Every structure is written in C-alpha cells, then in structure tokens.
Amino acid sequence: MMPQELAPQYDPSGLEKNVSQQWAEAKSFAATPDDNPHPYVIMMPLPNVTGALHMGHAMDNVMQDMLTRWHRMMADNALWMAGTDHAGIATQAVVEKRLLELEGKTRHDIGREALVERIWDWKEQYQARIVRQQQAMGCSCDWDRQRFTMDKVCARAVSWTFFHLFQDGLIFRGTRLVNWDCYLQTAVADDEIVYETVQGHFWHLRYPIIDPQPGEPHYIVVATTRPETMLGDTAVACHPNPRGALERLIAKTQERLGVASQKERTEIEAELERLKQRAETHLPLLEKLTSMAKDGRMVHLPLLDRQIPLICDEWAKPELGSGCVKITPAHDPNDYDVWARHSDTIGLINILQIDGSLNDNAGPYQDLDRFTAREKIVADLQSQDLLEQIEDRETEIGHSERSKTPIEPYLSEQWFVRMGDVEGGVVCGRGTLKEFTTPGLAQAAIDAVEGSWSSPSGRQVAFHPDTRYGHTYVNWLAEKRDWCISRQLWWGHRIPIWAGTFSGQVLTEKLTWLEPYLSRDDVTARLLHADGSSQLVQPGSAVQHVEGVEYSKDDTMQLLVCLREPPAQEQLGQELEAAGLARDPDVLDTWFSSGLWPHSTLGWPDPASAEINPGQALLGGQNGVADCLSFYYPGSCLVTGRDIITLWVARMVLMGLYNLGDVPFTDVFIHATILDGKGERMSKSKGNGIDPVDIIDRYGCDAMRYVLCEMQTGSQDIRLPVQAISPYTEEMIDLATAKHGRTIFTYVCPTSGKEFDVLGTMPDIPSAKLVSERFEVGRNFCNKLWNATRFALLNMEAATFTPLQVKDLALEDRWILSRLSRAITEVHGQLEAYNPSAAVVAAREFFWSELCDWYLEMIKPRLREAGEAETARQVLAFALDQVLRLLHPCIPFLTEFLWQRLNEHAPHRGIEQALEVPELITRAPWPRPQDAWQDVQSERDVDFLRDVIRAIRDIRSQYTVPPKQTVQVRIKVDSVTGQAAQILEAGSAHMSQLAGVASLQIAADVERTADAATAVVGELEVYILGVVDIEKERARLISRITKLTGTLEGTRKKLANENFVSRAKPEAVEKERGRLVDMESQLETLSTSLSALG
RNA sequence: GGUCGCAUAGCUCAGUCGGUUAGAGCGCUUGCCUCACAUGCAAGAGGUCCGGUGUUCGAAUCACCGUGCGACCACCA
C-alpha cells in the first residue's frame, strides 16, 4: 500500500475510532500469567452503575491508563482490571425513584424479586454505557476480565469472607443506634450522611417536678431541636458536680485567654464573662437539682403522664442551656451512651416506626409522621403552659446522601465487623503461607502503611505523591469504630445467615438436627445470648454443650447459621428454612464487596473453580503457569481521589490482609480533585459537571488526556474553568462570571439575552453543553505532533537505515540526540515519582521547543540536499519514533496512528543499531536514555548559536525588519581561530536559515558601521548592519545598560560583603565572580556602542 | 472543636538542597498566511512571591505570628 500523505490538520474523530478498533482486534490489552517476573496490576476504582462518568472519573482513568501503558511498554505483564460496582443504596434509590415517577409504584408493590430484576436491567444498560465511555477515553483495560461486584466470582468471595469473619467472631449482630433513612428504610453509614444547615428552632420545655419540697423549683427546663423525641425520654440529667465543672471551665477559658491572639481575645473575654455570670445565676439552682437527683427524685413527663428519674451524668453541661438535658436513649447517640451508663435505673424507649412515623409508645401521637407530631406536641405543650421559650436557631441536620431526607437515629439490630483489637489477636491469611497474627483488623491496616511493618512477602503500602494522605488513612482507622455492614435493602449481596429464635427443648432439637452439618467446613453456627455475646457451636460438641451449664432451660436464644458456598445456600438454605430458620433479609454494605475487589476479581478463594461470565478469560493456571490470583496478587498501584481513602482504600487493605495475608497493592496514587472555575467541586447535581464525552467530541480524547496529565501536578485541587456553549449562539460562556437566570442552574446568554439551563431538567428552556476552553491546549499540541510527523513523512520518501556513529554526526544531530537522552531520563523519572505533569512538560519541551523549533528548522536545508539528506532523515525518524513512544502513555490514539504511518515510511529506524519496531505502539519498548549520547559540548555550542540567532531576531523585530528581508551581520571575536569563531563559522548556514542573515563576517577587528545595531552575546559583539534609527538605538542601548547596571551593582555588593565571601559555599562565590566578569564586559561593549552613536 | 493543606504574572499552575536577572501554558501587545502546522512562527510587555517578625552572608523556599481560603474528621440537648 502506498503511504498516504497526511492532511494539513489533525482531526481526532475518525482516527480515535479506528485505532480503538485495531486495539480491540489485536487484543492489545489482554493480560495472561506467564513467566514474566514483573507483573504490574492496577485495579480500577469501580464506578457505580448509577450513572454516567464525569471529569473526576476521566482524571482517575487517565492516570491509571498512563501508568498501565507505561509499564506495558517497559515489558511488564500489565493487567488493568476494569469493573463496576452495584452500589447498593445508590442504585436501588435511583431505580425506585424511576419506578415511582414512571409507574407510580413503590418497591413493595412489585416485590423483592421484581425490583431486583429491574435493577439488573438498569445495571446492564449503565454498565454498557460506562464501558463505552472508558473505551472512548482509551482505557487499556483487559476487557475480557471486566467484573461487576455481583458477578458470581465476586459473590463467592463475599460469602467466604463473611463466613470466616463470622466464624472468627469478627462479625457480630447487635442492637445499636444507627443512622436511619426513613424514606429508603435502611440503615446508612456515617459517611453516607451530608449535613445541611437549616433554619430551625430551639424549644425550651418545662418538665414538672413531682412533689416539690419547699424551696425547690416546680419544674426543670430542658431544650431540644426535636421536641417529638420527648415522647421517648426516660430521664432528665444534671451534672453531678455543676460548680466544679463550671469552675474548671472558667479556669480553662482564662488559660486560653492568656495565649490567645488579639482577634480571639474579645470573643474569649465575652465567653468568660458569660460563664462567670452564669455561675452567679444558675449554680444555686443546678446544685439544688443535683442534690435532688442524688435523692432519687422524679420528674413528670408531660403529655404521656410518665414519671422519669432525675439523674446525674456528666453529659449535662452546666454551661449550656438550662444546664439540664433530657435523655432520649433510643433516638440520640449521646443519650444512648448515658443510658449505657445508667441502664440499671433508666429505660430505653423507641418511639419510631421504620417509615419515620410514631409507634404505640407515642400514645396519642401514634401513627403521626414525626414532623406532624412535632407541631402537635409543641401546640399541646404550649396550651399547658409547658413551653418556656422558642428560640430561632440554625441547626445542622444530617440528611441521607441518597434520599435527601433527614436522618433519624434509630435503634435497630444490625451486623457489624469488629474493627478493634481482640483478645488473642486476629489471624490473617489463615491457611496460607503468609499467615500471621495481628491485634485487630483496623490495626493490621494501620500497620501496613507505617514504619517498620511489612507483610510476609516484604510489602508495605505507600501513598503518593506525598505522605499526607497516609495521615487521613491512619487517623480514620485509629478510631477502630465497628463497621455496620448490614443494609435493609434488596439490591446487594444478601447476608448468608439463617436465624431462628428458640428455647429449651426446641433449641436442643434444632442443634441436634444441625449436628451433622456442622462437621462440614462450609457450615458454621453461633448461639447469640441475650446480652449480645455469642459462642461458636462446635461440631461434635454441640449437643453436649447445649445440655451443659451454658444456659438455663428457659433461656431463649438465637441460633445463627452461616453458609459459605452460594450453591449450598440454595439447597441447604431451604432445609434450614424448613427447620424453622429464616434467611436474614438484609444485604451487605457496598464497601464490603468492593473491599474484596483486588482479590475477588482474580478468583479468590480458588481461581480454578471460579465461575466467570461466558467468553471471559480464564482464571485458573494453565500449561504449568500460575493462576491469575497467585500471579497478579498482590497488585501494584491503586489510583484514586482522596475522597474514598477511608471508605475504600482502608477496607481493601484490611480485607486483603485478612483473606490472603498480604496487602492488595504497594502504592496508592492520590490524584487531584477537579474543581470548577469558582473552586467548587464538580458534580452533575451542582450544574458544573463536565461530561468527558462532550470534551472528547469537541477536542478529541488525546487532547483531553494531555490536559488532564498536564494538570496533575500534585497539589490537592485543580481549578478547571467551565464554559457553557450557548444553545442560541454557540458562543462559549464562562460560568464563573455569567449571570444567572431564574434559578442557580440557569444562565443568561449575553448576546441573545435568552436563558438556558445546565442541568437538563428545565422543561421549557434549552440546556447547554458544558466544556472548558482549557482543552484547546491539548488539541493544539496534538495538531503540532500531527504536523511535525507530517513534515517528517513528506521528507522521508527514501528513508533507509544505516548504522551511524554518533561522533561522526553533524552538530545539530549530536545535539538533538543528547537532548533526547536527557528528555527520556526526565520523563521516566517524573513518571516514577508520580508526577505526570512534569513528565508531560518534559516531553513537550523536548518535542516542541527543541525538536520542532530548532532541530527541524536547522535540518531543512540538509533535507533538500542529496548526500546530506539521508543522515538527517534517519536521525529525524529516530527522534520522532522516540517522541511517539514517550508520549504514548499520555496521548495513546494519535501516537498509535502516527506510529503506523511512520512504520509505512521508515520501517527501519535507529542510530547505531536498528530499533525493535512492533506493528502497534502499545507494546513498543519504552525508550532508554543513552549515556554515550550525552554531549555537553554540542549542547553548549547549540545554546551559543541559539543565543546569537535570538539576538539577531530581537534586533530585527525591534527595527521591524520585514521577515523576507535579509541582513548583513558582523561579529567581533577575540580570535578567528578561537572556539567561538569556529562554532559561528560552522553555524553560519543555521544563521542564514533561522535569522535571515545574508552575509556574515567574523573577525577580531570588524568595524561597526554607523547604521549598525549592537547586540552582546556573552563576550561577543554582534553588529546588524543597515537597520539603525539612531534615536531608537540610543534608547535601546540605554535601557539595556540601565538594567545591566542594576544587576551588576547587586552582584558587586554581594561580593564586597565579607560575610558572603567567607561563609557562602565556595561554588556560590565563584559563580558570582564569573557573572561579574561577564556583565562588566557586556556593559563595556554596550557603553562603547552608545558612545559611538555620538 | 480536632487534623491537614493552600496563597507566586490578568487566568490555571510549576518552582527539588535556601544561592544567577522567580518559570511554563493560556491571555495580552507587535510583526508575519516563511514551501509541516495561523490549532502556527518570531519578538515583547507583565511579579509587593498574601502581610509581618525572626533565623541566615543570603529567604518565594526555613520558623513563628497574622490575614484570607479549602479539605477531612468529630460534635451540635
């Protein structure tokens, strides 16, 4: 096939599709275990199947792809595992919402099975869309291995992990106060709550005191932002020692005042004054109440006519409110703690039903929604004169991230993973060669990133680009809070537990029936005592144990049976159900399965028997080569944003350690978060989120990737100004400065004056695409690369390869090879340091500022000359080859396309020897720097020539000499045989080509004509003849002299400073001396020229 | 309340061990459609390195104080 000439302009649209197809056909990204000792593994942070990808995903994916492609070129066996997350609550919420909107039905109308089926449909649709987006971004994942967290292979890993944690006593069931989403009717994790400030009230309630003695108050005032919770009050607390507490606080505040800054002072002084005042006004009453509490006095709970005790607890703060606090243990976490301290004297009353309405403990308010009840209660209290005051107040209300409804603290039975240290420690990697014992799960994950610890294989986890995110990780884990893993949802991995509550003889019967199953290694059971503790039912000893002393005949106990294997869950599960046990309806927290991602995807616990989807690459070992799990685990690098360091990274580390005894990866690369032009986090719901596909459509994927790489500098945030494309005029409108329309999601097009929206939710006005002009830079870069290649190919009709000796090459050839070698070292080093921006800048700098701006220009005359052209072509082809390789991890499509064109024109490339040139660039060997090519002398010589050329160009520009007009130049040198003269002589062709020099005279005694402008380059005087306007030249020279004199004075002063000369490093002093000499000589030349002007 | 981070050109950001006249890209000004590229080429202007104090021969860089932002965690009767 005849090589085709490239079009003069780069157009990414068709190109990227074709290249994509080539990669797919060649299965370029397939990874299979082999005898390569260097696997490189990245596990993709799995996007949720709730929606399309955004710019944050683009950044994340591009960073991963860059690392993967780089390692693939370095001949590592590189696996990038792709996949998606079922994202339990998020996905179910989206599908339920649609169900309601489109069909007016709730999940209860259609039932569990039908809902789950619908969510699967949704998942298929979105997963396909996500994969298309990732492929459009050039992601070089092994697409034959992509997974979904609910795939069978992953489900088995989830079940196994649950089973072992349960068996080890690390998973337990308990009644705890959880965050309850009344809309979705599930527990949600602390991190799934967003706080919003709302205008609320602070109600001060009066609780009458029963039988007040003379001198005692008739009521106690307590304040609340949620008055309906009073129905669940079981005590009122006051501080056991209010005077002591208040005095301590006053002392502490005084101390703070001592060290406070000026600004804080007034505030602290006011606070101090308030506290002192309060001691006067409130203490007598509070002390009275304390003594009454110690006396065991009771308080009347209004509306319900209950008596509740007055108790002493330090949770009551004498400095706040009335100094007393109502205690609602079932609906407030702090009150729950108070209850835990006083559980012998006070009760615990739940007043809520799962939908947020009140239950039968609420008496007359039963079945009212909690907010309706609130109004009614306030009104009722008011009518009984029990409302002392209503204060307006801003309050922070926790809302569920998914349903956007207010969260209620709610007492319910949930499953937890024990994160803290346990007696006897936790065995990690049980049964493997890497087995070791750790104090607890959280501690194991903390150890993994700290100091001297290393896994049995010698690994540990390091954060990049710096260690500060290690602190986030450790601080979070150090709390060792138990992890609530149950969710009352239908979408997710169902908890593999069957439970039944039995007592006495029946329990014994059940255990006897269970006995034979317990000898199987995939069945385990525990008995849950009323106090929350549990014991493993041991095979062979179950019956005896039960008949022993552990519990009395009348005790009621919960029998929990856990099944490890999903198939057994089907069969044995039915038997258990027939025996009166019921499967736990809950599903697991999404992070439970994503925490297993690095090994569940590889077939853990047994790759050979892993059930993968049809057509997918096998996981078991073949032909004597290791299976995927042992080959690809532990992996290499995790790439993610900082928002899920705790949720995900920490969990992967601890799950990996627990199941396999080793960390899932050794490096964690935390990339920047993308913000909009106002510094706000990008998100679709904020109306500032850019869809990567819109950028790809407009600028091309490579352009987007180039800019993303260049932006990744290591700082924590990146601002990306966002523009909307006006649907009326197609103009770009900057959202940071544009005028809003009727809502914050609409803007006014300044030209047409019409309104558009950015969310796509306004039915009556058109919506605008969001893009960013920042990506133009990337497109321009791609165009430059396209055209540089185009130029090379136009000159390469007869390219051949002949082994060359570097020392025989022309100055510019030696120079470009030396610079190339440096650039390779730099790019490689910056990639190793997780600094993509610096890597890309180094590649660009070499390619654009050196190869294009100078080398190409310098060899143009040679390319036209037979005899000279061959070598120039060969060096050019080689340099281009190396540039394409260096840029491939960043801009894969274009480099792949150009690589193939280069292969057509110049299939054999190299300098001393021919390079390995594969058909596709994806597996082209990564460039290596050549020490032998480092040529300081040629670099210095070319720098010098460039300085002279620039000086001439500067003068030409200053005197507006038309580009086509040539100039005569005379250069005064010390000696015509000196080095400078030789370089100039050798470079005269370049000067003519690059600075329009028609005639060049180099001599020690050149004459300066009256119409000559003077430039000084180092020690040389350069005269450009026939351009001068005397006044202008005088002004120019004076300006130069003034500037130079200033610097010169500074240097002189420095050197005159005795301290500098004696104390600074000798090199620094030497440097200054050298500069001084240079500047003095330049100044002299300039002064001479000035005076010559007359 | 706790922990951590940021502030450098009009904009977005680099700046390594404290050492030359503080850099890049975009934008701006001027001149060029020079036979690869106007998505380009050449030349240029543009800085109180947030403010202050200190350490040092020397501070954008180190320490402390202040100002203004931001992130995460905790809490909020």
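Nothing here was measured: the structure is a model prediction, and the numbers come from that model. In what follows, chains are A, B, ... by sequence order, proteins preceding strands, each numbered from 1.
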Asks: Please state the C1' separation for the pair B:C11 and B:C4 - nearest whole angstrom.
Replies: 27 Å
Asks: Given that A:Arg226 and A:Lys1071 both sit by RNA chain B, which one's nearest nucleotide is further toward the 5' end?
Replies: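 Closest to the 5' end, via its nearest nucleotide, is A:Lys1071.
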Asks: Name the nucleic acid region contacted by A:Arg779, choosing base, sugar-phosphate or nothing; use a 4.0 angstrom heavy-atom cut-off, strictly under.
Replies: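 Base contact.
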Asks: Salt bridge check, A:Asp335 against A:Arg226: does any charged N sit closer than 4.0 Å to a carboxylate O?
Replies: no
Asks: Starting at CG of A:Asn783 and ending at P of B:C37, how long is that distance when rounded to a whole Å?
Replies: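 Those two atoms, CG and P, are 10 Å apart.
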Asks: Heavy atoms only, 4.0 Å cut-off, all strands: where does A:Lys1053 land among base, sugar-phosphate and nothing?
Replies: nothing
Asks: Name the residue from A:Phe775, A:Phe781, A:Phe847 that meets the ring pair (Phe, Tyr, Trp, His ring centres under 6.0 Å) definition with A:Tyr706.
Replies: A:Phe781
Asks: Report yes if the distance between the aromatic ring centroids of A:Tyr469 and A:Phe463 is under 6.0 Å, otherwise no.
Replies: no
Asks: Nearest heavy atom decides the nucleotide; on that basis, is A:Arg719 or A:Asp332 closer to the 5' end of RNA chain B?
Replies: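 Nearer the 5' end of the strand: A:Arg719.
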Asks: Look at A:Lys784 and B:C41 and indicate whether a side-chain polar atom (N or O) is within less than 4.0 Å of OP1 or OP2.
Replies: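 Yes, because at least one side-chain N or O of A:Lys784 sits under 4.0 Å from OP1 or OP2 of B:C41.
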Asks: Can you tell me how far P of B:C75 sits from CG of A:Asp335, to the nearest Å?
Replies: 13 Å
Asks: Once each nucleotide of nucleotides 21-35 of chain B is scored for protein heavy atoms under 4.0 Å, what B/S/- sequence comes out, 5' to 3'?
Replies: B--SS------S---
Asks: Nearest whole Å is fine: how far is B:G19 P from A:Leu1055 CG?
Replies: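 These atoms are roughly 17 Å apart.
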Asks: In whole Å, measure the gap between the P atoms of B:G25 and B:G44 for me.
Replies: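 So the two P atoms sit 13 Å from each other.
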Asks: Please work out if A:Leu856 contacts a base, only the sugar-phosphate, or nothing of the nucleic acid, heavy-atom cut-off 4.0 Å.
Replies: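 Base, at least one base heavy atom under 4.0 Å.
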Asks: Is there a donor N/O on one and an acceptor N/O on the other, under 3.5 Å, for the side chain of A:Glu857 and the base of B:A42?
Replies: no
Asks: Which part of the nucleic acid, if any, lies within contact of A:Asp853, taking any heavy atom under 4.0 Å across all strands shown: a base, the sugar-phosphate backbone alone, or nothing?
Replies: sugar-phosphate
Asks: How should the glycosidic conformation of B:C17 be described, syn or anti, under the criterion that syn lies within 90° of 0?
Replies: syn
Asks: Roughly how many Å is it from NZ in A:Lys1065 to C1' in B:U20, rounded to a whole number?
Replies: 14 Å
Asks: Whole Å only: how far is the OH atom of A:Tyr473 from the C1' atom of B:C72?
Replies: 17 Å
Asks: Taking the P atom in each of B:U53 and B:G10, what is the distance between them to the nearest angstrom?
Replies: 24 Å
Asks: Take atom P in B:C33 and the same atom in B:U39, then report the distance between them in whole Å.
Replies: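 Per the computed distance, 15 Å lies between those P atoms.
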Asks: Mind checking A:Thr225 for me? I need base, sugar-phosphate or nothing, with any heavy atom below 4.0 Å counting as a touch.
Replies: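 Sugar-phosphate contact only.
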Asks: Out of B:U20, B:A36, B:G70, which nucleotide sits closest to the side chain of A:Asp717?
Replies: B:G70
Asks: Only stems of 3 or more consecutive Watson-Crick or G-U pairs count here, both distances under 3.5 Å; name the ones for RNA chain B, or none.
Replies: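 Ordered by first number, the stems with RNA chain B (at least 3 consecutive pairs each) read B:1-7 with B:67-73, B:10-13 with B:23-26, B:28-32 with B:40-44, B:50-54 with B:62-66.
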Asks: With rounding to whole Å, what would you report as the distance between B:G18 and B:A60 at their P atoms?
Replies: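 Those two atoms are separated by 13 Å.
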Asks: Between B:G19, B:A71, B:C73, which nucleotide gets closest to the side-chain atoms of A:Arg642?
Replies: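 Of all the options, the side chain of A:Arg642 is nearest to B:A71.
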Asks: Taking CG from A:Leu675 and P from B:G70, how many angstroms apart are they, rounded to a whole number?
Replies: 11 Å
Asks: Rounded to whole angstrom, note down the C1' distance from B:U29 over to B:A22.
Replies: 23 Å
Asks: Nearest whole angstrom, please: distance from the P of B:G19 to the CG of A:Asn1059.
Replies: 19 Å
Asks: B:A9 and B:C28: how far apart are their C1' atoms, nearest whole angstrom?
Replies: 12 Å
Asks: Contact class for A:Cys782 (heavy atom, under 4.0 Å): base, sugar-phosphate, or nothing?
Replies: nothing
Asks: For the pair made of OH in A:Tyr855 and C1' in B:C41, what is the distance, rounded to whole Å?
Replies: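 Rounded to whole Å, this separation is 20 Å.
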Asks: Can you tell me if A:Arg953 touches the phosphate of B:A43, counting only side-chain N or O atoms and a distance under 4.0 Å to OP1 or OP2?
Replies: yes
Asks: As a quick check of understanding, evaluate side chain to side chain contact (heavy atoms under 4.5 Å, CB included) for A:Thr472 and A:Arg642, giving each step before the final call.
Replies: CA-CA 9 Å; A:Thr472 309; A:Arg642 64 194 138 84; over 6 Å; no
Asks: Quick one: side chains of residues 1064-1075 of chain A, donor-acceptor pairs under 3.5 Å with protein atoms, not counting sequence neighbours, listed by atom name and distance.
Replies:
residue   : atom : partner   : partner atom : Å
A:Glu1072 : OE1  : A:Arg1075 : NH1          : 3.4

